[in-house]
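Encoded as structure tokens, the structure appears first; notes follow it.
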Protein chains: 2
Amino acid sequence: MKATFGEYIKQLRTDKGLTLTQLAFQLDLDSANLSKIENGKREFDEKRLEKLANAFNLDLDQLKVEYFGDQFAKKMYAYNCPTETLMVAEEKVNYLKSTNVKQGQLKFENEK
Amino acid sequence: MKATFGEYIKQLRTDKGLTLTQLAFQLDLDSANLSKIENGKREFDEKRLEKLANAFNLDLDQLKVEYFGDQFAKKMYAYNCPTETLMVAEEKVNYLKSTNVKQGQLKFENEK
DNA sequence: TAAAACTTGTCAATAATTGACAAAATTAAA
DNA sequence: TTTAATTTTGTCAATTATTGACAAGTTTTA
């Protein structure tokens with residue numbers, strides 16, 4: 001397993017024999033900044049997930065799994081959260097789905 | 001279950017018969033802003049989790065479960081992430097723990 | 001109906017993220 | 001080796017997001 005999403009991208013990129021510049025172009029990103037992302041010095045912005053999926057012909061859902069799984073894990077690790085946290089997250093997301101909360105009602109929804 | 005962390009705070013607060021002003025003071029927060037937090041119009045800042053635990057004599061770990069569980073759920077809901085995301089998160093956090101990544105190595109670690 | 005409690009709106013101040021570029025370091029090719 | 005390509009690192013202004021603060025409104029309660 002790759003520890004970070006950055007390493008995951010790097011893997012994809014090198015497997016396909018792309019240079020940073022080439023991939024960065026597809027992601028509408030500076031190659032220097034892509035390098036930082038790959039090396040965990042910057043975050044990959046979620047607004048580029050779709051472009052990333054396109055670049056490598058990946059399933060967007062699978063990419064979300066990798067991306068957010070990584071985000072959550074880092075948070076958990078940084079804040080030393082009990083594993084239970086993820087169970088509660090699951091309950092809550094089911095609850096949200098079941099109540100079908102309107103867009104914009106939750107603060108998070110405002111994000112792009 | 002409470003849908004949001006804000007509602008959870010409100011519950012705690014009203015159960016204890018505190019006013020917004022009283023709790024806000026303990027959290028070093030403006031009462032108007034606490035109101036927004038309770039109503040999901042603002043995020044509760046993680047740096048105040050400890051104060052919140054103190055105010056209600058709660059276990060900090062349990063609070064983290066509620067807080068981050070809520071955060072993750074909202075993200076998942078907003079971005080329509082597959083449930084699988086949480087499994088991957090669990091794997092990854094275990095991986096991080098097992099490799100005992102040094103502080104500061106991960107971008108996230110820089111946060112307070 | 002007056003006071004207390006709560007909510008909402010706004011905005012400047014602060015903080016975080018981003019894009020951009022230069023320059024170093026590393027790697028690959030000739 | 002030299003040279004070119006690639007990658008990494010550092011920096012910083014610009015953009016964007018979050019926060020604290022306060023005023024003004026509404027709702028609740030005594």
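It should be emphasised that the depicted structure is a prediction, and the values quoted were computed from it without experimental measurement. Letters go in sequence order (proteins before strands), and every chain restarts at 1.
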Quick one: [X] [atom1] to [N] [atom2], roughly how many Å, whole number?
X	N	atom1	atom2	result
L34(B)	dT7(C)	CG	P	9 Å
F44(A)	dT17(C)	CZ	C1'	15 Å
L20(A)	dA24(C)	CG	P	20 Å
L18(B)	dA5(C)	CG	P	11 Å
E43(A)	dT16(D)	CD	C1'	16 Å
K16(A)	dT6(D)	NZ	P	17 Å
E38(A)	dT9(D)	CD	P	12 Å
F25(A)	dG19(C)	CZ	C1'	16 Å

Could you check whether any side-chain heavy atom of R13(A) comes within less than 4.5 Å of a side-chain heavy atom of E38(A), counting everything from C-beta outward?
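Yes, their side chains come closer than 4.5 Å.
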
Quick one: does K74(B)'s side chain get under 4.5 Å of D70(B)'s, heavy atoms only?
yes

Terminal axes of the helix from dT1(C)-dA30(D) to dA30(C)-dT1(D) (five pairs each): angle between them, nearest 10 degrees:
30°

Between the protein and nucleotides 21-23 of chain D, list the N/O to N/O atom pairs that are separated by less than 3.5 angstrom.
| residue | atom | partner | partner atom | Å |
| --- | --- | --- | --- | --- |
| dA21(D) | N7 | N33(B) | ND2 | 3.1 |
| dA21(D) | N6 | N33(B) | OD1 | 3.3 |
| dA21(D) | N6 | K36(B) | NZ | 3.2 |

Could you check whether atom [atom1] of [X] has more than 12 heavy atoms from other residues, nucleotides or ligands sitting under 6.0 Å from it?
X	atom1	answer
F56(A)	CZ	yes
Q26(A)	CD	yes
E50(A)	CD	no

Looking at every heavy atom in both [X] and [Y], which two are closest together, and how far apart are they?
X	Y	result
T85(B)	K64(A)	CG2-O, 4.3 Å
K10(B)	N39(B)	NZ-OD1, 3.5 Å
K51(A)	D28(A)	NZ-CB, 3.7 Å

Phosphate-side-chain proximity, [X] and [N], N/O vs OP1/OP2 below 4.0 Å:
X	N	answer
K41(A)	dT8(D)	no
R48(A)	dT18(C)	no
S35(A)	dT7(D)	no

Could you tell me whether T19(A) contacts a base, only the sugar-phosphate backbone, or nothing, with contacts defined as non-hydrogen atoms closer than 4.0 Å?
sugar-phosphate

Per N39(B) side chain, nearest of listed nucleotides dT19(D), dT8(D), dT8(C):
dT8(C)

Between F44(B) and Y67(B), how do the two ring planes meet: parallel, tilted or perpendicular, split at 30° and 60°?
perpendicular

